[in-house]
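Start at 1 and go down the list; that is how both ligands and their atoms are numbered. Just so you know, these numbers come straight off a predicted model, no measurement behind them.
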Amino acid sequence: MAEKAAALNVIRKIPHWINGQMHESGSDRYGEVFDSATGEQCAEVVMADEADVDAAIQSAQEAFSSWSRTPVLKRSRVMFRFKELIERDRKGIAALLTQEHGKVLHDADGSIQRGLEVVEFACGIPHLIKGEYSDQAGTGVDTYSMRQPLGVCAGITPFNFPAMVPLWMFPIAIACGNTFILKPSEKDPGCSLKWAELMQEAGLPPGVLNVVQGDHVAVNSLLTDSRIAAVSFVGSTAVAEHVYRTAAEHGKRVQALGGAMNHLVVLPDADMEQVADALVGAAYGSAGERCMAIAAVVTVGDSAEPLLEKLLPRIDALKVGPGTDNNNDMGPLITAEHRDKVRSYIDLGEEEGAKLVVDGRQHEITKSSGYFLGPTLFDHTTPDMRVYKEEIFGPVLTMIRVETFDDAIKLVNDHEYGNGTAIFTRDGDAAREFASGIQVGMIGINVPIPVPLAFHSFGGWKRSLFGDMSIYGMEGVRFYTRLKTVTSRWPTGIRAGADFSMPTM
Ligand code: NAD
């Protein structure tokens, strides 16, 4: 079908999904979606206007009354079927991610797996949502609590994980009895439509999951509409702050996960082979377009030279090319603009005086038409440089040399972002001190990218998360429900027998 369309030079259209079907939009705004490995347009996405958002909210609102009262076991069974359907179709979904995002097929498949695990978690909703009961909390008084859904929830997602991040949100929200409107990134929106189709095939009633395509117009309508109860956002810090403030001002529950600049600290006793292997994947995997990518390696004491000795051959051996070739380690960046922005950071690092050890601008692959950059390494970076302070979100690793373990801790803690960090050492005492004292939400000990599994929760600190709750896991169940507590006492009932006297108080 795709080949036929290509032969006819027909561009694939990516519409909204509202009330269980593709939705004809009145909007005349469209966005281009590119195959980032070739630079050619591969699809066209409709950009919602306010009427589209209104239609989605209406549909979700109407679906809420019956979905929220659907027995929890039935909701869980939809999730079980959805999980099977993802497994059935994952190869095709990975190919779609590779085309629209650019990540290499094996990496695309890995991201589907991490999202699938949240669906598996959501299958356990009957147990997860159970309340508590206290018999005889007072004399003749029992107390019980329950978690009830919020209503219509919205999710706004970034370009870098078009399959996984939506799965961090809607499976738990929907399993909890909410209805949902997903607004995916306009840069790679195809997968969101696939999720909606598969949820419908899994037995989800129309209106429970809607997908609205578009940009800030759609987002701002969702943030300000009084019918939306809660908003989950994942994206850059600038937009996260706007989303958090606007949604909160409009009375919504909100969790807004923002950007990152993650450090990997290397102590001199670490196994440098292991560090180099871990670092090369964590810095350059998915072309550095991961919010948990390692962007700065902090070498303590005399660990810099032994690490460089192991790291440089590995960087040299990295295979950069189209994501369709599973032998490649790293694909292109998402758009030409983003590639140019990352490239401008390499220019900036040179101007700032960092030592450019590997220059991705010179990589052979940059001569192709795709949005490629080679892996880049700066040494002797200092904390005042913008290449260290800001999130570059590309295959650029900076190296900072510090004297002591305490200097490393201070460096990490002084950074405005606090998403993830890692330490590599053989010393349990240092690792324990690091985990306890560091001001970051997710810590890896000899683990470079410590993304928690689905039965834990994901979330950073400082300017990497706005709101009280992390995403997925039990935090997700709490976010998408509210607590109700019932205290009950029953007057003397029928078991006391009939009473023939005049009733008095
Ligand atoms: P982005 O902030 O540009 O876009 C995210 C979403 O917000 C998209 O759906 C987009 O359409 C929408 N949006 C963009 N500008 C907007 C505006 N002005 N008003 C309202 N909505 C707007 O982020 P991105 O470039 O798609 O994704 C990369 C960013 O996401 C990086 O900063 C990365 O660190 C971050 N990220 C964070 C996490 C996390 O868990 N903390 C996970 C993945 C990505």
Side-chain angles (χ1 to χ4, degrees), residues 14 29 31 33 36 45-48 53 100-103 111 114-115 118 154-169 181-189 191-192 211-224 231-247 254-262 286-295 333-335 337-339 341-342 390-394 415-421 440-442 449-452 457-467 469-473 475-476:
I14 304 178
R29 291 193 309 129
V33 181
S36 42
V45 61
V46 65
M47 301 290 223
V53 176
E100 291 187 5
H101 175 274
K103 56 182 87 197
S111 75
R114 294 306 298 264
V118 180
I156 299 144
T157 55
F159 78 78
N160 64 325
F161 282 110
M164 181 182 77
V165 173
L167 292 179
W168 285 1
M169 301 175 179
I181 299 169
L182 172 64
K183 204 306 282 173
S185 169
E186 63 277 33
K187 292 179 185 141
D188 44 19
C191 187
S192 55
V211 180
V212 167
Q213 311 286 0
D215 54 10
H216 64 280
V217 174
V219 174
N220 291 336
S221 297
L222 290 167
L223 298 182
T224 51
V231 174
S232 298
F233 170 88
V234 176
S236 61
T237 287
V239 183
E241 280 188 296
H242 160 70
V243 166
Y244 180 69
R245 202 178 42 247
T246 313
V254 48
Q255 56 181 182
L257 284 76
M261 207 303 293
N262 308 304
S286 208
E289 289 174 332
R290 290 179 180 147
C291 67
M292 290 290 275
I294 295 297
L333 290 151
I334 182 76
T335 56
E337 296 73 43
H338 188 58
R339 188 257 332 266
K341 183 178 158 201
V342 176
E390 296 175 14
E391 179 182 43
I392 299 176
F393 219 56
H415 204 284
E416 65 171 327
Y417 293 120
N419 215 36
T421 186
V440 172
M442 293 169 282
I449 303 197
V451 175
S457 299
F458 182 108
W461 284 15
K462 299 188 273 187
R463 287 168 59 73
S464 293
L465 189 148
F466 302 86
M469 282 187 223
S470 294
I471 205 162
Y472 68 72
E475 290 268 288

[options]: member with heavy atom nearest to [atom]:
{"atom": "atom 30 (O) of ligand 1", "options": "A218, G214, G235", "value": "G235"}
{"atom": "atom 42 (C) of ligand 1", "options": "P162, P158, C291", "value": "C291"}
{"atom": "atom 1 (P) of ligand 1", "options": "A240, G259, S236", "value": "S236"}
{"atom": "atom 18 (N) of ligand 1", "options": "H216, M164, K183, E391", "value": "H216"}

Examine distances only and state if a side-chain atom of [X] and a backbone atom of [Y] form a donor-acceptor pair shorter than 3.5 Å.
{"X": "S470", "Y": "E475", "result": "no"}
{"X": "N419", "Y": "G459", "result": "no"}
{"X": "Q255", "Y": "M469", "result": "yes"}
{"X": "K462", "Y": "H415", "result": "yes"}

Within ligand 1, which atoms have a heavy atom of [X] less than 4.0 Å away?
{"X": "N160", "value": "43 (C), 44 (C)"}
{"X": "F458", "value": "39 (C), 40 (O)"}
{"X": "V219", "value": "20 (C), 21 (N)"}
{"X": "S185", "value": "9 (O)"}
{"X": "W168", "value": "40 (O)"}
{"X": "I156", "value": "6 (C), 7 (O), 9 (O)"}
{"X": "L257", "value": "39 (C), 40 (O), 41 (N)"}
{"X": "E186", "value": "10 (C), 11 (O)"}

### Query
Hey, what's the ring geometry for H338 with F393, parallel, tilted or perpendicular (30° and 60° as the breaks)?
perpendicular
### Task
Check the angle between the aromatic planes of F466 and Y244 and answer parallel, tilted or perpendicular using the 30° and 60° thresholds.
tilted
### Task
Tell me, with the steps shown, if R29 and D215 meet salt bridge (Lys or Arg N to Asp or Glu O under 4.0 Å).
CA-CA 10 Å; R29 291 193 309 129; D215 54 10; 2.9 Å; yes
### Query
Can you find an N or O of G258 that's nearer than 3.5 Å to an N or O of ligand 1?
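Looking only at distances, the answer is yes, because the N/O contact criterion of under 3.5 Å is met.
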### Task
Have a look at ligand 1 and work out which part of I471, if any, has a heavy atom under 4.0 Å from it: side chain, backbone, both or neither.
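Neither part.
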### Query
Hey, is F233 touching ligand 1 through its side chain, its backbone, both or neither, going by heavy atoms under 4.0 Å?
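The side chain, only.
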Return the closest protein heavy atom for [atom] as residue, atom name and distance.
{"atom": "atom 8 (C) of ligand 1", "value": "T157 O, 3.3 Å"}
{"atom": "atom 13 (N) of ligand 1", "value": "V239 CG1, 3.9 Å"}
{"atom": "atom 26 (O) of ligand 1", "value": "F159 N, 3.0 Å"}
{"atom": "atom 28 (C) of ligand 1", "value": "F393 CE2, 3.6 Å"}

### Task
Mind listing the closest non-hydrogen atom pair of A240 and G258 along with its distance?
CB-CA, 4.0 Å
### Message
Going by a strict under-4.0 Å cutoff (protein heavy atoms only), does atom 4 (O) of ligand 1 have a neighbour on the protein?
### Response
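Looking at atom 4 (O) of ligand 1, one finds that no protein heavy atom lies closer than 4.0 Å.
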### Query
Between M292 and M442, is any pair of side-chain heavy atoms under 4.5 Å apart?
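With C-beta onward as the side chain, the pair touches.
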### Query
Looking at CD1 of I181 and OG of S221, how far apart are the two atoms once the value is rounded to the nearest 0.5 Å?
10.5 Å
### Task
Could you tell me whether E289 and K103 have a side-chain N and a carboxylate O separated by less than 4.0 Å?
no
### Message
Going by ring pair (Phe, Tyr, Trp, His ring centres under 6.0 Å), name the residues that satisfy it together with H242, two or more places apart in sequence or in a different chain.
### Response
none
